[in-house]
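Beneath this line is the structure, given in structure tokens, with notes to follow.
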Amino acid sequence: MKVLVATEKPFAKIAVDGIKKEIEGAGFELALLEKYTDKAQLLDAVKDANAIIIRSDIIDAEVLEAAKELKIVVRAGAGYDNVDLNAATAHGVCVMNTPGQNSNAVAELVFGLLVYAVRNFYNGTSGTELMGKKLGIHAYGNVGRNVARIAKGFGMELYAYDAFCPKDVIEKDGVKAVDSAEELYKICNIVSLHIPATAETKNSINRDLLKNMPKGAILVNTARKEVINEDELIQLMEERPDFKYITDIMPAANAKFTELFAGRYFSTPKKMGAQTAEANINAGIAAAKQIVGFLKEGCEKFRVNK
Ligand code: NAD
């Protein structure tokens with residue numbers, strides 16, 4: 001069995017060593033395609049692969065068509081919107097992610113961004129504190145739960161809304177579970193986004209939702225740019241000079257945000273939430289273990305296509 005690691009942006013060497021140990025220890029062969037610059041290289045490399053580990057790499061219908069021997073794709077990370085799930089199902093390919101492996105890294109970045117924002121991007125002027133502020137966690141999954149844990153240390157008042165997580169699961173963490181996204185945004189000074197990009201959530205963070213946030217509101221996005229209705233966010237920020245937007249996922253209209261909202265808009269230069277040595281190693285090794293479990297024992301835990 002051949003396991004391909006196909007990463008345009010490679011894993012750290014220590015993560016590759018860990019993946020190699022898992023894969024070869026199970027008696028499989030490991031192949032590496034790193035820093036590829038052309039889709040043709042990926043199409044060629046997948047031809048005889050039985051399993052693929054990817055990061056943000058695009059696995060679309062064309063790649064799946066070229067990968068005749070493929071049984072499983074594991075996205076080392078949480079979001080799997082870079083994989084065409086319907087095409088994978090049509091080709092009989094199992095798709096998994098590695099939930100939870102980078103959640104602490106993303107949650108820590110939320111607070112890096114928040115402290116930067118409330119201290120006015122370190123411009124020398126007097127800012128505000130996080131202690132006592134109402135923080136809304138929009139989606140209480142792996143990242144959301146880590147955000148709650150860290151926020152307690154800052155002395156914040158915590159609220160969360162999740163469309164699928166039962167309220168008692170949220171409340172046992174000392175977080176107030178609210179009934180709707182609308183309620184969350186009305187109550188909270190700061191909202192941190194952790195919803196996945198799905199047909200339902202794309203463009204869902206819009207003016208209607210944001211306009212009722214209290215004065216001095218901050219929206220922090222470490223989820224996906226697609227969940228934001230950018231035109232309406234721009235409109236809202238024009239109407240509300242008190243509103244700040246900070247994000248780990250650069251908007252398509254980054255130039256416009258930068259030009260219009262100096263001092264209350266910030267984006268990391270590239271998605272950095274999961275860019276830590278620890279997250280890199282954890283997610284890569286988890287992906288390798290999941291592949292071994294699937295190929296040896298048919299274990300489908302963490303399968304995301306049905
Ligand atoms: P997760 O799957 O553990 O949690 C997602 C949560 O969203 C679940 O609890 C689910 O019930 C909830 N949810 C789904 N649809 C919803 C909806 N319509 N309304 C409200 N809640 C909804 O995922 P996670 O590990 O917490 O990651 C969350 C997202 O963060 C990922 O989907 C990914 O897009 C993004 N992410 C970004 C980075 C980064 O580098 N910035 C890294 C990891 C994850």
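Ligands are counted one by one from 1 in listed order, and the atoms in each one are counted from 1 as well.
- The closest approach between Asp248 and ligand 1 falls below 4.0 Å for a heavy atom of the residue.
- Cation-pi check for Arg264 over Tyr245 is not met; the charged atom does not lie both under 6.0 angstrom from the ring centroid and within 45 degrees of its normal.
- Both Leu30 and Leu295 are members of a single hydrophobic cluster when ILVMFWY side chains are connected at heavy-atom separations under 4.5 Å.
- Asn305 contributes a side-chain N or O that, together with a main-chain N or O of Val95, makes up a donor-acceptor pair within less than 3.5 Å.
- In terms of protein heavy-atom proximity, atom 21 (N) of ligand 1 is closest to Ala163 N, 3.2 Å.
- Not a single heavy atom of Pro99 lies less than 4.0 angstrom from ligand 1.
- Of all protein heavy atoms, the one closest to atom 16 (C) of ligand 1 is Phe164 CE1, 3.8 Å.
- Considering only non-hydrogen protein atoms, atom 11 (O) of ligand 1 sits nearest to Asp162 OD1, 2.7 Å.
- At a heavy-atom cutoff of 4.0 Å, ligand 1 is contacted by the side chain of Asn102 but not by its backbone.
- Remark: among candidates Ser56, Gly273, Ala78, the nearest residue to atom 23 (O) of ligand 1 is Ala78, based on non-hydrogen atoms.
- Two residues are said to be in side-chain contact when any heavy atoms from C-beta on lie closer than 4.5 Å; Asn282 and Asn102 fail this criterion.
- Considering only non-hydrogen protein atoms, atom 33 (C) of ligand 1 sits nearest to Arg224 NH1, 3.7 Å.
- Between His194 and Tyr140, the gap from one ring centroid to the other reaches at least 6.0 Å.
- No chain of hydrophobic side-chain contacts below 4.5 Å, direct or via other Ile, Leu, Val, Met, Phe, Trp or Tyr residues, connects Val118 to Phe243.
- Scanning all protein heavy atoms for the shortest distance to atom 14 (C) of ligand 1 gives Pro196 CD, 3.5 Å.
- Protein heavy atoms are absent from the space less than 4.0 angstrom from atom 2 (O) of ligand 1.
- Only side-chain heavy atoms of Val106 come within less than 4.0 Å of ligand 1; its backbone N, CA, C and O stay farther off.
- A salt bridge does not link Glu239 with Lys211: every distance from a Lys NZ or Arg NE/NH1/NH2 to an Asp or Glu carboxylate oxygen is 4.0 Å or more.
- Residue nearest to atom 26 (O) of ligand 1, selected from Val143, Asp81, Val227: Val143 (by heavy-atom distance).
- Relative to the six-membered ring of Phe28, Lys296 meets both conditions, a distance below 6.0 Å and an angle of at most 45° to the axis.
- The shell of residues lying under 4.0 angstrom from ligand 1, judged by heavy atoms, excludes Ala197.
- A 4.5 Å side-chain heavy-atom check between Ile249 and Thr268 finds every atom pair outside the cut-off.
- Looking only at protein heavy atoms, the nearest one to atom 28 (C) of ligand 1 is His194 O, 3.3 Å.
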